Amino acid sequence: MPELPEVETTRRGIQPYVEGNTISKMVVRHRGLRWPVPEQLEAIVKDQRVTKVERRAKYLLFRCDKGTLILHLGMSGRLRVLDNDHNIGKHDHVDIYINNGHVLRFTDPRRFGAVLWTEADTDTHQLIAHLGPEPLADLFNADYLYQKAKGRSGNIKSFIMNGEIVVGVGNIYANEALFLAGIHPAKAAGKISKAKMAELVEAIKLVLNRALLAGGTTLRDFRKSDGKPGYFAQELNVYGRENEPCLRCQAPINCIRQAQRATYFCKQCQRR
DNA sequence: ACATTGACCTGGGAGC
DNA sequence: TGCTCCCAGGTCAATG
């Protein structure tokens, strides 16, 4: 499910139920996520107050009294607020009980997600320390991207999906942003002009902001944290539209594979 | 330093 | 109906 807008939508959805409250209990039914859920986590988080619910890249960060609970939704993860703990499903791996009667439930069929704990500054955490800027921050601009791309021969699509360059640009929005900027996804990152990079930066910010406003894209199983679907899928220009007419020029949309991921683009509108 | 590939998992849909 | 194959929103770790 989750690209950055979905993760941020989830954060906003759960924040009012969690922030300022205390974790009364945690139940882990399946420790085998991307990394094992730490053995002592239930005991560690019990009775800790959550002071902030933040996000860095696609990581959700629950700032607690004694450290930070780090949660990643992976490819198929979901986090919902429930009024009770009924109807436990096969993929409901972790429940976090809040002292206001709500339960945060982490569901993840593919188990690519993660639930971890750190007592160190998260900026120095192994998984977070090397991440690039947030795409919606001012730091992410044409100068930055152009400088980073200098001398790079790899394709621009993989480049913008690289979390060390910029975080939060997943497959769907990488496709959409390149279409809006009129850049061929296979073009070498280092051969793109600064002017084009400026267009790309604006396109990335635009698609992410739009999706954020819509509450995240609905594809397969995405639901906002309250269980209602998001509704951005109908605004996609190229993603998932192989052989359908380009919405700008009517030429059929192409689909190729880059780094084992599907890339959709229009040959007419996105020149090399 | 950079680029590419495999790996982690399950479920759903297409095709036979 | 049921089997097999392929695909899926992420991203780390290992390899050239």
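We name chains A, B, ... by the order of the sequence lines, and we start the count at 1 in each one. Remember, it's a predicted structure, so these values are computed and weren't measured experimentally. Every heavy atom of this structure was used, including side-chain atoms; hydrogens, water molecules and symmetry mates were not.
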Using atom [atom1] of [X] as one end and atom [atom2] of [N] as the other, report the distance to the nearest whole Å.
| X | N | atom1 | atom2 | result |
| --- | --- | --- | --- | --- |
| A/I156 | B/dA3 | CD1 | P | 11 Å |
| A/H93 | B/dT10 | NE2 | P | 9 Å |
| A/N175 | C/dG9 | CG | C1' | 11 Å |
| A/H30 | B/dT10 | NE2 | P | 7 Å |
| A/H130 | C/dT11 | NE2 | C1' | 14 Å |
| A/E242 | C/dC6 | CD | P | 16 Å |
| A/Y173 | C/dA8 | OH | C1' | 15 Å |
| A/M161 | B/dT4 | CE | P | 14 Å |

Measure from the side chain of [X], starting at C-beta and using heavy atoms only, and say which of [options] lies closest.
| X | options | answer |
| --- | --- | --- |
| A/R152 | C/dG10, B/dA3, C/dC12 | B/dA3 |
| A/M75 | B/dT10, B/dT5, C/dG10 | C/dG10 |
| A/R257 | C/dG10, B/dT10, C/dA8 | C/dA8 |
| A/R34 | B/dG11, C/dC12, C/dG9 | C/dC12 |
| A/Y239 | B/dT5, B/dT10, C/dA8 | C/dA8 |
| A/L127 | C/dG10, C/dC12, B/dT10 | C/dC12 |
| A/K58 | C/dG10, B/dT5, B/dT10 | C/dG10 |
| A/W35 | C/dC12, B/dG6, B/dA3 | C/dC12 |

Just checking [X]: base, sugar-phosphate only, or nothing, at a heavy-atom cut-off of under 4.0 Å?
| X | answer |
| --- | --- |
| A/Q126 | sugar-phosphate |
| A/G163 | nothing |
| A/F159 | nothing |

Phosphate OP1/OP2 of [N] contacted by [X] side-chain N/O (<4.0 Å):
| X | N | answer |
| --- | --- | --- |
| A/K90 | B/dT10 | no |
| A/S153 | B/dA3 | yes |
| A/Q260 | B/dT4 | no |
| A/R261 | C/dG9 | yes |
| A/H72 | C/dT11 | yes |

Stacking between A/F112 and the base of C/dT11 (centre distance under 5.5 Å, interplanar angle under 30°)?
->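 Answer is no, no stack.
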Flag the pair A/Y264 / A/E176 as yes when at least one side-chain heavy-atom distance between them is below 4.5 Å, and no otherwise.
->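 No, their side chains stay 4.5 Å or more apart.
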Are A/K46 and A/I23 close enough that some pair of their side-chain heavy atoms sits under 4.5 Å apart?
->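 A side-chain contact is absent here, since even the closest heavy-atom pair is not under 4.5 Å.
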Cluster question for you: counting only ILVMFWY and a side-chain heavy-atom cut-off of under 4.5 Å, with indirect links fine, are A/I96 and A/L61 together?
->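 Unlinked, A/I96 and A/L61 end up in two clusters.
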Residue of the set A/I14, A/L71, A/T10 for which side chain to side chain contact (heavy atoms under 4.5 Å, CB included) holds with A/V53 =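 The option that passes is A/I14.
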Test applied, side chain to side chain contact (heavy atoms under 4.5 Å, CB included); reference residue, A/V115; option that passes from A/L41, A/V45, A/L60, A/I70 =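 So, applying the side chain to side chain contact (heavy atoms under 4.5 Å, CB included) to A/V115 and each of A/L41, A/V45, A/L60, A/I70, only A/L41 qualifies.
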Watson-Crick or G-U wobble partner for C/dG9, using a 3.5 Å limit on both distances?
->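 Matched C/dG9 with nothing under the 3.5 Å cut-off.
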Base-pairing assignment for B/dC9 (Watson-Crick or G-U wobble, both under 3.5 Å) |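 Here B/dC9 is not engaged in any pair, so there is no nucleotide opposite it.
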5'-most contact on DNA chain B: A/A259 or A/R111, nearest heavy atom basis?
->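 Mapping each residue to its closest nucleotide by heavy atoms, the 5'-most match is A/A259.
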Between [N] and [M], how many Å separate the two [atom1] atoms, rounded to a whole number?
| N | M | atom1 | value |
| --- | --- | --- | --- |
| B/dG6 | C/dC6 | P | 15 Å |
| C/dC3 | B/dC9 | P | 24 Å |
| B/dT5 | C/dC7 | P | 16 Å |

Is it possible for you to check whether A/R248 lies under 6.0 Å from the centre of the six-membered ring of A/F179, through NZ or CZ, and within 45° of that ring's axis?
->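 That pair qualifies as a cation-pi contact.
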Does a donor on one side chain sit under 3.5 Å from an acceptor on the other, for A/T122 and A/R63?
->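 A/T122 vs A/R63: donor-acceptor pair found between side chains.
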